[in-house]
Amino acid sequence: MKLPRAFFARDTVTVARELLGQRLVRLEAGRRLSGIIIETEAYVGETDLACHARAGRTPRTTVMYGPPGCAYVYLNYGLHWMLNIVTERNGFPAAVLIRAIEPMEGVEVMRRRRGHVPDRQLTNGPGKLAQALHITGSLHGHDLCARGAVLFVERAGNAAPSAILARPRIGIHSVPEPWRSLAWNFRLSRE
DNA sequence: AGCACGATTAACT
DNA sequence: GTTAATCGTGCTC
């Protein structure tokens with residue numbers, strides 16, 4: 001069952017932690033592609049200097065200022081699409097970056113898209129999972145909570161707090177403290 | 001100019 | 001097996 005807007009309309013760090021263990025689903029051409037979310041990152045507001053909203057509302061970041069539960073998708077380094085889900089109240093710019101999933105349904109399709117890399121490398125990075133699930137800028141602003149959504153999150157269990165590793169966020173080396181060191185990257189520890 | 005990355009190298013255990 | 005360095009790519013500001 002699809003996570004409702006109320007799930008995303010909360011504190012971003014809480015949403016990032018609780019998304020671990022849930023199932024990201026992509027409907028495409030009548031097929032169901034999905035995977036369990038195993039790594040996320042929180043980006044919180046204009047004061048968070050690692051967040052794109054640090055520069056205020058721009059054409060790119062407008063979606064982050066909108067209702068929670070919508071996809072914030074952007075292109076990084078000219079080739080990697082990044083999937084985020086908008087959080088908090090309408091008007092406050094924040095989102096959770098989905099960094100990794102464990103493939104569940106449609107693995108054959110993912111293998112084809114990813115060029116037959118080893119299965120463990122199918123969706124173990126934000127650009128990789130976007131490629132595997134065919135998530136591009138065309139899904140920017142997509143409402144994950146609407147009826148008929150082709151991208152959404154299903155409740156699939158709860159991660160025990162003891163199973164969650166919190167570390168600094170990835171790839172924000174040039175961001176000043178304290179934001180660089182905030183432990184806002186969350187992942188499920190493997191067994 | 002500067003990226004919320006990934007594939008490929010090269011150098012190490 | 002690992003870590004570190006490099007750079008392509010195109011969009012935002």
Side-chain angles (χ1 to χ4, degrees), chain A residues 8 11-17 19-20 24 26 35 37-66 68-88 92-103 110-142 144 151 153 164-191:
Chain A
F8 300 103
D11 167 74
T12 306
V13 168
T14 301
V15 174
R17 294 175 62 96
L19 276 174
L20 296 175
L24 179 68
R26 170 79 163 111
I37 297 171
I38 57 175
E39 185 178 356
T40 61
E41 259 168 26
Y43 289 89
V44 189
E46 295 176 350
T47 57
D48 174 5
L49 295 188
C51 179
H52 286 165
R54 65 185 177 274
R57 189 192 291 255
T58 67
R60 179 172 65 159
T61 61
T62 292
V63 167
M64 234 197 296
Y65 287 79
C70 292
Y72 171 63
V73 183
Y74 71 95
L75 186 64
N76 191 252
Y77 291 90
L79 59 161
H80 305 296
W81 291 103
M82 303 283 134
L83 169 65
N84 303 249
I85 305 176
V86 175
T87 57
E88 313 241 5
F92 184 88
V96 172
L97 171 66
I98 309 299
R99 284 195 57 89
I101 65 175
E102 181 182 310
M110 299 187 203
R111 287 194 188 109
R112 201 156 63 237
R113 280 235 174 75
R114 294 275 302 119
H116 301 92
V117 298
D119 275 6
R120 65 174 286 114
Q121 294 174 25
L122 280 179
T123 56
N124 65 337
K128 298 178 190 179
L129 76 87
Q131 182 183 21
L133 300 187
H134 196 212
I135 292 166
T136 69
S138 68
L139 286 174
H140 183 54
H142 188 75
L144 278 67
L151 179 69
V153 183
I164 299 176
L165 300 175
R167 306 178 356 193
R169 293 172 289 183
I170 306 297
I172 57 167
H173 181 69
S174 64
V175 173
E177 300 290 2
W179 296 278
R180 188 196 314 173
S181 297
L182 292 175
W184 282 357
N185 169 287
F186 304 101
R187 55 194 293 182
L188 284 180
S189 59
R190 20 185 111 104
E191 302 275 303

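Letters go in sequence order (proteins before strands), and every chain restarts at 1.
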*Asks:* Which residues pass the side chain to side chain contact (heavy atoms under 4.5 Å, CB included) test with A/S181, not counting sequence neighbours?
*Replies:*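 For A/S181 the side chain to side chain contact (heavy atoms under 4.5 Å, CB included) partners, ignoring immediate neighbours, are A/E177.
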*Asks:* Kindly write out the residues that satisfy salt bridge (Lys or Arg N to Asp or Glu O under 4.0 Å) with A/D11, not counting sequence neighbours, or none if the list is empty.
*Replies:*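 In terms of salt bridge (Lys or Arg N to Asp or Glu O under 4.0 Å), with neighbours along the sequence ignored, A/D11 is linked to no residue.
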*Asks:* Which whole-number value in Å describes the distance from A/H140 NE2 to C/dC11 P?
*Replies:* 14 Å
*Asks:* Reading DNA chain B 5' to 3', how would its secondary structure be written in dot-bracket notation, given Watson-Crick and G-U pairs with both distances under 3.5 Å, brackets [ ] for crossing pairs and | for partners on other strands?
*Replies:* |||.||||||||.
*Asks:* Looking at A/F92 and A/G45, what are the two nearest heavy atoms and their distance?
*Replies:*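 Scanning both residues, the minimum pair turns out to be CZ-CA, 3.8 Å.
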*Asks:* Base, backbone or nothing for each nucleotide of nucleotides 1-10 of chain C, written B, S, -, heavy atoms under 4.0 angstrom, 5' to 3'?
*Replies:* -------BBB
*Asks:* Could you check whether any side-chain N or O of A/T87 sits under 3.5 Å from a backbone N or O of A/T12, counting only pairs where one atom can act as donor and the other as acceptor?
*Replies:*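 No, the answer is negative, given that no donor and acceptor are paired below the 3.5 Å cut-off.
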*Asks:* Where along residues 124-132 of chain A does a heavy atom fall under 4.0 Å from DNA chain B?
*Replies:*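 Nucleic-acid contacts, sorted: A/G125, A/P126, A/G127, A/K128.
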*Asks:* Go through the structure and list residues passing side chain to side chain contact (heavy atoms under 4.5 Å, CB included) with A/A132, not counting sequence neighbours.
*Replies:*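 For A/A132 the side chain to side chain contact (heavy atoms under 4.5 Å, CB included) partners, ignoring immediate neighbours, are A/M110, A/R114, A/T123.
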*Asks:* Please report the shortest heavy-atom distance between A/I37 and A/T40, naming the atom on each side.
*Replies:*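 Closest approach of A/I37 to A/T40, heavy atoms only: CG2-CG2, 3.6 Å.
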*Asks:* Under 4.0 Å from a heavy atom of chain A: give me the 5'-most and 3'-most nucleotides of DNA chain B that qualify.
*Replies:*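 Contact boundaries, 5' end first: B/dC3 to B/dA7.
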*Asks:* Who are the ring pair (Phe, Tyr, Trp, His ring centres under 6.0 Å) partners of A/H140, not counting sequence neighbours?
*Replies:*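 Once residues adjacent in sequence are excluded, the partners of A/H140 under the ring pair (Phe, Tyr, Trp, His ring centres under 6.0 Å) criterion are A/Y72.
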*Asks:* For A/R112, what residues pass the side chain to side chain contact (heavy atoms under 4.5 Å, CB included) criterion, not counting sequence neighbours?
*Replies:* A/R31, A/V109
*Asks:* Quick test of your reading: applying salt bridge (charged side-chain N to carboxylate O under 4.0 Å, His left out), list the pairs with at least one residue in residues 43-62 of chain A, sequence neighbours left out, ordered by first then second residue.
*Replies:* A/D48-A/R169
*Asks:* Base, sugar-phosphate or nothing for A/R114? Non-hydrogen atoms, less than 4.0 Å.
*Replies:*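 Result for A/R114 = sugar-phosphate.
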*Asks:* So, for A/E88 and A/A94, which heavy atoms are closest and what is the spacing to 0.1 Å?
*Replies:*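 For A/E88 versus A/A94, the nearest heavy atoms are CG-CB, 3.8 Å.
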*Asks:* Which residue pairs pass the salt bridge (charged side-chain N to carboxylate O under 4.0 Å, His left out) test when at least one of the two sits in residues 92-101 of chain A, sequence neighbours left out?
*Replies:* A/E39-A/R99, A/E41-A/R99
*Asks:* Does A/A95 have any side chain to side chain contact (heavy atoms under 4.5 Å, CB included) partners at least two apart in sequence or in another chain, and if so, which?
*Replies:* A/M64, A/N84
*Asks:* Say you draw a straight line from CD1 of A/I135 to CG of A/L83; how long is it, rounded to the nearest 0.5 Å?
*Replies:*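 Going from the CD1 atom of A/I135 to the CG atom of A/L83 covers 4.5 Å.
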*Asks:* How is A/R60 classified with respect to the nucleic acid when contacts are heavy atoms under 4.0 Å: base, sugar-phosphate, or nothing?
*Replies:*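 Contact class for A/R60: sugar-phosphate only.
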